[in-house]
Amino acid sequence: MAVEHEAVARPAARTRRTKGEERRCGWCRSVLPAQESVGRPRLYCGQACRQRAYEQRSATAKAGLSDDVVLVTRAELDGLQDRLYQLRCAIEDVQTVLSEKPTKAELEKSLAELVRSTGRLDRLWLNGKNAG
């Protein structure tokens, strides 16, 4: 299954960053350490990620696919859609609670669920190898 996703296809360091913004590995998306030296900024956290990115570029070129195509399994896509649905439900719950003059406990419960749903999506993004 092909899914177009602009951010995954381009290495993190090729886009302009504001001062203090985190740079991420172009393959695994982990945060890169701050670069103090002169020279080109690092695009990958290590040789393994550089190799995987090269393999991806080669495979997409051989298949005639554009650079912004990302292949995912049906299970990975279903897992992402499930997590997005949970996040949407948590946001709707917070909106409902806010419209009803909530108690502190109700508000805390709704916000905790929202944070929990967001955390699952963040882990998926940072560790896409274990998605699903």
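- The line from CG of Leu87 to CG of Asp82 is 12.5 Å long, rounded to the nearest 0.5 Å.
- Taken to the nearest 0.5 Å, the CD atom of Glu22 stands 10.5 Å off from the OG atom of Ser30.
- Here CD1 of Ile91 is found 11.5 Å from CD of Glu113. Values are rounded to the nearest 0.5 Å.
- Heavy-atom minimum distance, Leu32 versus Cys25: CG-N, 3.7 Å.
- Pairing each heavy atom of Thr60 with each of Val69, the nearest pair is CG2-O, 4.4 Å.
- Tyr54 and Leu43 fall into different hydrophobic clusters, where Ile, Leu, Val, Met, Phe, Trp and Tyr side chains are chained together by heavy-atom contacts under 4.5 Å.
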Given the rule in the side-chain contact (heavy atoms from CB on, under 4.5 Å) test, do Tyr44 and Arg52 qualify, once you have shown the distances and angles that lead to the verdict?
CA-CA 10 Å; Tyr44 306 100; Arg52 298 296 87 73; over 6 Å; no
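- For Glu106, the salt bridge (charged side-chain N to carboxylate O under 4.0 Å, His left out) test picks out no residue, with sequence neighbours left out.
- Remark: side-chain polar atoms of Arg23 are paired, donor with acceptor, to backbone N or O of Arg42 under 3.5 angstrom.
- Using a distance-only test at 3.5 Å, with no hydrogens or angles considered, no donor-acceptor pair links the side chain of Ser110 to the main chain of Leu107.
- With rounding to the nearest 0.5 Å, the separation of CD in Gln86 from CZ in Arg116 is 7.0 Å.
- Distance check, rounded to the nearest 0.5 Å: CG of Leu84 to SG of Cys89 gives 11.0 Å.
- With Gln35 contributing its side chain and Arg40 its backbone, the two residues share a donor-acceptor pair below 3.5 Å.
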